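Comments concern the structure below.
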Amino acid sequence: NKIAHTNPNNRPMTTAEKQKVLRESLINAGYASDDADADALIIDPVNGLGFDSDWTKTNTDWLDVVTRTGKQRQYNASVSGGTEKTQYYASAGYFDQDGTTIATTFKRYNGSFSLNSKVNDKITFKMGVNVSTSTQLSPLGSAAYGSPVSSSFFLQPWFSPYNSDGTLRYGDDEFPN
């Protein structure tokens, strides 16, 4: 994945790892005597869990799905000048950042203007204006299901985030709105 600091031991489980844990839990609970019995119970739609028979074919790395390489762009311009008695300065800036997690962005527009005018040896006028506006989009930071990174540990790896045509999958039984 593309997050700067990760521990390879702290990651969501793969489909094979979840299958092993699910098998072991069914055997340890006494519902199955071996892996074959556990697999039969996992796909049994009546007396078991009712998983699709091909549930182990998909292995989604949800952490990779919800993270990305961040991008940052910044542009600044300024102009200054004047005479011996009057000086001016103006600047403008634009900052645009896409975070390392999906649905995280930050944009800022800023500008400033200053004017200094010396009327005589005793009177000087100084004026300055600074303006800025920003917008930020970010998911909930620590809420388990509000944070894409935290959610990646709870989403099952045997589900695909995409439909067969490549579009993002949501709003169905496995991914409700």
Side-chain angles (χ1 to χ4, degrees), residues 1-18 55 57-177:
N1 68 50
K2 302 160 203 79
I3 292 181
H5 302 288
T6 59
N7 178 338
N9 298 319
N10 184 16
R11 60 170 177 73
M13 292 171 62
T14 65
T15 297
E17 291 166 339
K18 289 237 182 178
W55 72 280
K57 289 184 179 177
T58 302
N59 185 37
T60 300
D61 181 349
W62 285 103
L63 193 56
D64 188 56
V65 171
V66 302
T67 58
R68 63 185 178 192
T69 300
K71 296 176 185 169
Q72 181 174 304
R73 292 155 299 282
Q74 183 169 345
Y75 306 98
N76 296 299
S78 65
V79 63
S80 62
T83 65
E84 188 176 306
K85 288 188 167 197
T86 304
Q87 298 85 38
Y88 64 89
Y89 174 81
S91 70
Y94 170 72
F95 179 82
D96 184 18
Q97 182 178 54
D98 296 326
T100 57
T101 304
I102 60 170
T104 56
T105 61
F106 180 77
K107 289 186 184 204
R108 179 180 60 233
Y109 300 89
N110 61 289
S112 68
F113 178 77
S114 66
L115 181 67
N116 297 330
S117 184
K118 186 173 183 178
V119 177
N120 57 41
D121 288 341
K122 294 183 180 184
I123 300 174
T124 301
F125 288 108
K126 292 185 177 185
M127 181 199 67
V129 177
N130 292 306
V131 294
S132 179
T133 185
S134 62
T135 56
Q136 182 171 3
L137 175 64
S138 62
L140 301 172
S142 62
Y145 297 105
S147 164
V149 172
S150 296
S151 293
S152 71
F153 287 85
F154 299 102
L155 293 168
Q156 301 304 336
W158 53 83
F159 293 138
S160 173
Y162 305 105
N163 293 312
S164 58
D165 65 1
T167 59
L168 194 60
R169 183 177 175 197
Y170 66 96
D172 63 13
D173 292 339
E174 292 177 359
F175 293 101
N177 289 336

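If you're wondering where the values come from, they're calculated on a predicted model, not measured in any experiment. Just the heavy atoms: all of them, side chains too, but no hydrogens, waters or symmetry mates, feed the values below.
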Check your understanding: Which atoms form the tightest heavy-atom contact between S78 and Y89, and what is the distance?
Key -> CB-OH, 3.5 Å

Point to revise | Side-chain donor or acceptor of T86 paired with backbone N/O of T83 under 3.5 Å | key: no

Point to revise | CZ-CG distance between F153 and L63, expressed to the nearest 0.5 angstrom | key: 5.5 Å

Revision key, fill the gap. Separation between CG (L155) and CG (D61), nearest 0.5 Å, reads 11.5 Å

Check your understanding: NZ of K107: more than 12 outside heavy atoms within 6.0 angstrom?
Key -> no

Review point. Any idea how W158 and W55 line up, ring-wise: parallel (<30°), tilted (30 to 60°), or perpendicular (>60°)?
Key: perpendicular

**Study point:** Side chain proximity check, T58 to T15, heavy atoms < 4.5 angstrom
**Key:** no

Review point. Given Y109, which of Y94, Y75, F95 fulfils the ring-ring contact (aromatic ring centres under 6.0 Å, His included) condition?
Key: Y94

Practice item. Please report the shortest heavy-atom distance between S152 and V66, naming the atom on each side. Key: CB-CG2, 4.2 Å

Study note, to complete from the structure: So CZ of R108 and CD of Q74: to nearest 0.5 Å the spacing works out to 6.5 Å

Review point. Counting N and O atoms only, with roles assigned by atom type, does the side chain of T167 sit under 3.5 Å from a partner on the main chain of N163, one being a donor and the other an acceptor?
Key: no

Review point. Closest approach of M127 and N116, non-hydrogen atoms and distance?
Key: N-OD1, 4.5 Å

Check your understanding: Should V149 and T67 be marked as a side chain to side chain contact (heavy atoms under 4.5 Å, CB included) after you check the CA-CA gap, both sets of side-chain angles, and the distance that decides it?
Key -> CA-CA 8 Å; V149 172; T67 58; 4.3 Å; yes

Review point. If you count the non-hydrogen atoms of other residues, nucleotides and ligands that lie under 6.0 Å from CG in D121, is the total more than 12?
Key: no

Practice item. Identify the heavy atoms of P157 and M13 that sit nearest to each other, and give their distance. Key: CG-O, 3.5 Å

Point to revise | Short side-chain to backbone donor-acceptor contact, T60 and W62, under 3.5 Å | key: no

Review point. Is there a donor-acceptor pair closer than 3.5 Å between any side-chain N or O of T100 and the backbone N or O of G70?
Key: no

Check your understanding: Where do T105 and R68 come nearest, in terms of heavy atoms and distance?
Key -> CG2-NH2, 4.3 Å

Study note, to complete from the structure: Nearest heavy-atom contact between L115 and Y88 is CD1-CB, 4.0 Å

Check your understanding: Is D98 salt-bridged to R73, going by a charged N under 4.0 Å from an acidic O?
Key -> yes

Practice item. Could you check if a side-chain atom of S114 sits within less than 4.5 angstrom of a side-chain atom of K126, using non-hydrogen atoms only? Key: no

Check your understanding: Distance from Q97 atom CD to Q72 atom CD, nearest 0.5 Å?
Key -> 5.0 Å

